[in-house]
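One structure is given here, and the rest of the page talks about it.
In what follows, chains are A, B, ... by sequence order, proteins preceding strands, each numbered from 1. Quick caveat, the model's predicted, so the values are computed rather than measured.
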Amino acid sequence: MTEQLMQDATFVLPGILIPLFPLIGFVINGVFGKYIPKSVSGWIATLAIFASFVVAVSVFSKLNATDSITIELFDWIAFSNMQIGFSFLLDSLTMVMLLVITGIGFLIHLYSIGYMHDDEASTRFFTYLNLFIFFMLLLVMGSNYLVMFIGWEGVGLCSYLLIGFWFKNDAYNNAAKKAFVMNRIGDLGFLLGMFFILFNFGTLEYDAVAQQASAFAPNSMLIVSITLLLFVGAMGKSAQLPLYTWLPDAMAGPTPVSALIHAATMVTAGIYMVVRSNVLFALAPHTLDVILWVGVATSVFAAVIGLMQNDIKKVLAYSTVSQLGLMFAALGLGAFASGMFHVVTHAFFKACLFLGSGSVIHALHGEQDIRKMGGLKKLIPITYITFIIASFAISGFPLLSGFFSKDEILAHAFEQNKLVWTILSISSMITAFYMFRLVYLTFYGNFRGTDETKKHIHESPLTITIPLIILCILSVFGGLLGLPSVFHVSHLFADYLAAVTDPSKAFLHAHEKVSHMTEIVLMSFAGLAAIVSIYYAYTKYVKKGEQPADEASLTGLQKWISNKFYVDELYDKIIVKPMLILSDLFLVLVDKLIIDLSVNAVAWFVGLTGRATRLLQTGNTGFYIFAMVLSMVVLFVIRLLA
Amino acid sequence: MNTLIYTSCLGLFCLLAEILNLRKLLVPLVVLGITVIFGVNYMEWNQGGSFYNDMLRIDHFSVAFSALVLLVGMLILVLTADYYKNEIHHISDYLAILIFTLCGALIMLSFSNMAMLFLGIEILSISLYIMAGSKRFETKSNEAGFKYFLMGAFASGFLLFGIALIYGVTNSFHLEKIGMYIMNHDATTISPLFYIGMMLMLVAMLFKVAAAPFHFWSPDVYEGSPALITAFMSTLVKIAAFGALYRLFATCFVGTLSYATQTLSIVSVASLAIGNFTALHQTNFKRLMAYSGISHAGYLLLAIIALYANTASALFYYSAGYAFATIGAFAVAIPVFHSMQNEGMDAFNGLGKKNPLLAALLTMSMLSLAGIPPFAGFLGKYYIFSKAIAAGHVALTLIAVIASMIGAYYYLKVVLAMYTKDSNDKTIEASPLYIMVAVFCVAMSLVLGLFPNMLMGLI
């Protein structure tokens with residue numbers, strides 16, 4: 001016991017320092033930004049994250065995978081029988097997220113120094129970015145749902161601020177609002193889930209909740225409701241059907257934001273939340289089924305839309321939605337560790353892809369339409385190499401990181417449900433195809449923009465290329481963290497997370513592990529499928545040199561896909577329009593007629609009374625004393641009569 | 001006990017300083033002295049006991065409230081350095097009187113004998129009569145001092161008469177013995193004279209806390225007094241008098257609380273109504289604060305009414321929140337009045353542009369007074385209201401909630417004036433001392449609001 005406490009004490013300071021550094025960076029740039037030269041503010045922000053990263057690594061080296069250390073900072077809310085502390089939890093799951101957030105966060109900050117160099121408001125940008133990291137760290141470090149919720153709301157706020165970073169453009173502001181509103185819908189689910197937990201279990205601490213929930217039978221009404229509500233929250237934040245439409249629009253933000261917030265970290269918060277509550281979810285197989293099918297549907301739906309997009313960032317955005325769907329499918333299968341594994345590898349290659357697309361956009365001075373690109377291979381070689389390698393990784397090209405993490409999820413799907421496996425395989429093939437459509441249209445063939453632009457194309461500075469190279473290396477080797485059992489080595493990643501994910505195993509149906517032979521067949525199939533898709537894209541866009549057709553000339557299904565199945569228009573018709581009509585109605589009927597009138601009447605009455613009581617204050621001492629004695633007599637009389 | 005002795009000595013020291021010609025050093029020395037006394041008071045937390053033949057009794061309640069009173073005193077004394085810088089030849093008198101006021105308050109918080117209660121109230125009051133009139137060449141100040149004195153003397157008469165009647169019935173001045181008398185009789189056999197005595201004392205105490213309808217003195221006196229003294233009165237007197245009232249009812253009249261409940265309820269509602277309604281139309285900031293103080297007395301009375309629900313902590317927390325918010329507001333208002341040569345609400349026009357820091361500090365103080373989270377004012381109301389509901393006074397609490405909604409209006413009027421109205425371009429300067437005190441008060445409002453457990457459950 002004392003040993004445990006001693007050990008805990010060594011983690012208190014680092015545990016506080018990790019979120020503190022970004023907060024300090026935020027305060028410095030936010031409060032004193034005016035007095036700091038623009039070029040310095042970026043470095044301050046970057047250093048703050050680097051410091052957090054170093055501390056996180058040192059904690060990682062000291063923390064055993066089985067440790068679960070709670071750092072109690074202070075009692076936060078204490079009412080009669082409800083105690084909610086502001087405390088942090090350090091365990092393997094938190095550690096994984098910490099390393100991803102601070103590590104990739106640092107690289108993206110570094111990248112932003114180069115990328116935002118010419119922006120006049122770059123100090124504000126770094127202020128928000130630091131604040132985002134701070135909230136993201138709170139989200140993953142909290143030891144109860146409420147601290148997670150603060151982080152959850154905080155990152156939502158930062159996401160809003162950063163999507164609308166260039167607030168002079170109204171379309172960007174609308175995108176920011178859309179993201180915020182959609183997230184609110186999800187947050188409502190999360191909040192209600194939290195209320196349910198608090199009301200029934202009397203606590204919000206993860207371990208206490210899990211412990212109390214274990215007493216319930218699987219699929220009990222309560223647990224299913226709680227998990228469904230929590231999942232609604234996850235749907236909003238992690239852009240799942242039907243709440244995904246904000247994420248593609250969120251690409252309005254500067255590209256580093258897309259990489260950090262809308263690909264690598266914030267959008268995976270939903271996955272983190274489900275994994276963190278894995279015991280609850282394992283106790284609700286019905287919810288897991290919902291998650292599985294929402295994930296599968298999102299994965300294939302977004303992939304199909306990705307086929308016909310012509311904005312380099314939109315393609316990546318739909319790819320993110322699709323990959324998140326894949327992760328949720330893994331969670332739905334009860335493969336929590338596999339889901340997390342894909343979170344990590346996805347963070348590597350998707351950050352690399354987004355930063356690469358940023359580098360392309362940077363080189364082309366803001367051009368995002370792939371129809372106006374082409375032939376950039378030789379002009380920006382580092383960007384090209386890193387981008388294509390990351391594309392191989394996301395496509396599941398054999399032995400790269402995405403291959404292993406995807407394969408693991410597909411293997412779980414094959415064990416449990418062949419239909420799921422089939423759909424996910426198709427979705428993976430589509431992914432490989434549209435990713436290489438993007439690569440070939442951007443980097444191969446001839447340049448399709450103006451000559452004027454072509455003259456100015458140049459490779460990006462070191463602050464941009466170094467993060468690209470590091471992320472590219474991680475995308476290649478990241479898969480080694482979790483090799484399948486065919487290789488007869490232990491799955492480092494799953495073993496590390498075991499302490500967090502094991503408690504739920506007792507409640508999940510055991511499935512027979514696929515044999516090594518099957519595993520090899522599945523892997524070969526997946527690898528082959530990826531290669532075939534890539535080759536198909538190659539013949540179509542390089543050999544035949546096809547170009548995406550003009551949107552106006554599309555017909556039939558292609559037109560539907562290109563217009564994203566008209567989901568935005570549908571939402572507009574069935575939700576936004578009726579809402580506006582309803583709100584007009586309320587404005588006239590309820591607000592103007594009932595509320596305004598009654599409130600004004602009350603105010604009028606109050607004001608009148610005030611004027612009357614003021615008259616009592618005559619300033620005459622004699623009257624005052626008389627009034628005092630009189631009131632005393634009146635009080636006495638009332639008392640005697642009562 | 002040592003707290004009281006040292007504070008008295010500090011007051012005497014101020015008088016001596018006049019002879020020793022220490023005027024310029026006096027304020028720092030006195031602040032240092034109060035700081036030391038604050039420490040001494042802290043040391044008494046676990047000692048306690050009764051003193052002078054059980055005339056005074058030191059317990060957790062008295063130590064906690066004494067600490068608050070000392071802190072309030074310290075903040076005001078810090079400001080005297082700047083406020084009285086043009087009257088340096090009187091400074092030792094003023095400081096001595098202010099410190100004696102503190103002595104009176106300390107006695108009121110630790111008495112266990114009616115004689116001590118009277119003594120405490122008189123020491124406190126007489127000092128304040130003088131301070132209220134301390135701007136000798138201003139007729140308003142003279143008027144304030146004199147009015148306060150006249151009416152205060154009247155209230156003292158009630159108090160003494162009440163004590164005398166109770167003595168006549170129980171043969172004792174001692175709180176516990178009087179309490180024993182109540183215990184040994186049931187409601188019907190207690191002499192009517194006792195009830196009359198208790199009610200007379202109650203009226204006197206309600207006068208001191210400026211509860212309606214015994215509030216008439218407070219707007220006039222607050223307006224006429226020097227602003228710093230107004231700040232002192234509105235916090236110190238209220239805290240000390242409520243401490244004394246609680247002590248009186250908790251240790252002595254606890255058995256007859258039900259008899260006074262009706263009167264207390266009426267007074268509470270009247271205070272809430274008159275305080276909040278009348279405040280709406282005030283154009284003078286000090287009068288506004290007077291009515292605000294009257295309405296806060298109404299909220300605090302709930303803590304006395306709900307005494308059985310053990311409200312000492314809630315009362316303490318609320319008093320602290322109220323004190324910090326009020327002093328914070330005055331620490332901003334005084335330099336503004338000084339620069340603008342105007343004590344009306346329009347003095348604040350455009351402050352948001354002219355001096356954003358002062359405006360922000362005043363805004364936060366006002367929000368705390370209005371009871372808006374995350375400031376202490378919010379949780380203070382919350383604790384008192386929840387205790388009142390726990391004690392079964394639902395209707396009363398409901399009225400208090402509605403009153404606090406109306407109250408938000410006039411507090412926000414000040415904020416509105418600062419940020420939306422234009423004004424002439426007189427610059428507003430505040431000496432660092434005012435800013436320091438205001439920042440400290442606002443910080444305390446915030447800290448207490450975020451970590452209420454620092455004070456809740458202390459007593």
Side-chain angles (χ1 to χ4, degrees), chain A residues 30-32 34 72-87 146-147 150 153 595 598-642, chain B residues 143 146-151 153-155 158 192 195-196 199-200 202-204 206-207 212-220 223-224 259-264 266-267 270 273-282 287 290-291 382-383 386 390 402 405-406 409-410 450-454 456-457:
Chain A
V31 179
F32 307 105
K34 266 190 282 184
E72 282 168 20
L73 294 183
F74 51 85
D75 284 340
W76 188 21
I77 301 175
F79 291 126
S80 53
N81 55 355
M82 182 176 93
Q83 300 283 335
I84 301 175
F86 197 99
S87 38
L146 195 59
V147 178
I150 304 172
E153 290 297 302
I595 297 182
S598 57
V599 167
N600 287 340
V602 170
W604 176 81
F605 170 75
V606 167
L608 201 71
T609 322
R611 261 182 222 113
T613 51
R614 213 160 65 122
L615 295 179
L616 284 176
Q617 204 71 28
T618 56
N620 184 329
T621 318
F623 171 74
Y624 289 173
I625 294 178
F626 170 72
M628 205 168 117
V629 175
L630 186 71
S631 355
M632 189 176 78
V633 171
V634 170
L635 281 175
F636 276 36
V637 170
I638 295 175
R639 178 62 262 189
L640 286 176
L641 292 179
Chain B
E143 184 194 329
F146 195 65
K147 249 184 194 166
Y148 194 19
F149 168 64
L150 272 180
M151 301 191 66
F154 222 78
F158 286 146
Y195 285 128
I196 296 179
M199 296 297 274
L200 284 170
L202 187 60
V203 166
L206 290 173
F207 170 87
F214 310 106
H215 67 283
F216 288 104
W217 60 276
S218 91
D220 292 7
E223 186 190 355
Y259 186 85
T261 304
Q262 186 212 37
T263 311
L264 283 170
I266 296 174
V267 171
I274 292 189
N276 285 312
F277 284 143
T278 320
L280 296 177
H281 292 288
Q282 296 309 316
R287 284 189 91 85
Y291 285 106
Y382 169 79
Y383 288 128
S386 65
I402 294 171
M405 277 155 58
I406 300 173
Y409 175 82
Y410 57 84
L450 292 175
F451 309 104
N453 288 357
M454 279 168 56
M456 285 306 289

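- Residue contact with chain A, scored on non-hydrogen atoms closer than 4.5 Å, involves the side chain of B:F158 exclusively.
- Rounding to the nearest 0.5 Å places CZ of A:F605 at 5.5 Å from CZ of B:F277.
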Step-by-step side-chain contact (heavy atoms from CB on, under 4.5 Å) determination, A:F86 to B:L450: CA-CA 12 Å; A:F86 197 99; B:L450 292 175; over 6 Å; no
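- Taken from CD1 in B:I274 to OG1 in A:T609, the straight-line distance is 11.0 Å, to the nearest 0.5 Å.
- Taking the six-membered ring where the residue is Trp, A:Y624 and B:F216 present parallel rings, their angle staying beneath 30° rather than reaching 60°.
- For the atom pair A:M632 CE and B:L206 CG, the distance stands at 11.5 Å (nearest 0.5 Å).
- With rounding to the nearest 0.5 angstrom, the CG atom of A:L635 is 5.5 Å from the CD1 atom of B:I266.
- We find the NE2-CG distance between B:H281 and A:L608 to be 8.0 Å, quoted to the nearest 0.5 Å.
- Legend: residues meeting ring pair (Phe, Tyr, Trp, His ring centres under 6.0 Å) with B:Y148, ordered by chain and number and at least two apart, are B:Y129, B:W217.
- Other residues, nucleotides and ligands contribute at most 12 non-hydrogen atoms within 6.0 Å of the CZ atom of B:F146.
- Between chain A and the options B:Q282, B:E143, B:M151, the largest number of non-hydrogen pairs under 4.5 Å is found for B:M151.
- You'll find the side chain of A:T621 stays beyond 4.5 Å of the side chain of B:D220, heavy atoms only.
- More than 12 heavy atoms of other shown residues, nucleotides or ligands fall within 6.0 angstrom of atom OH in B:Y259.
- More than 12 heavy-atom neighbours from other residues, nucleotides or ligands sit within 6.0 angstrom of CZ on A:F623.
- Considering only residues two or more places apart in sequence or on other chains, B:F451 meets the ring pair (Phe, Tyr, Trp, His ring centres under 6.0 Å) condition with A:F74.
- A:R639 and B:Q262 get closest at one heavy-atom pair: CA-OE1, 3.4 Å.
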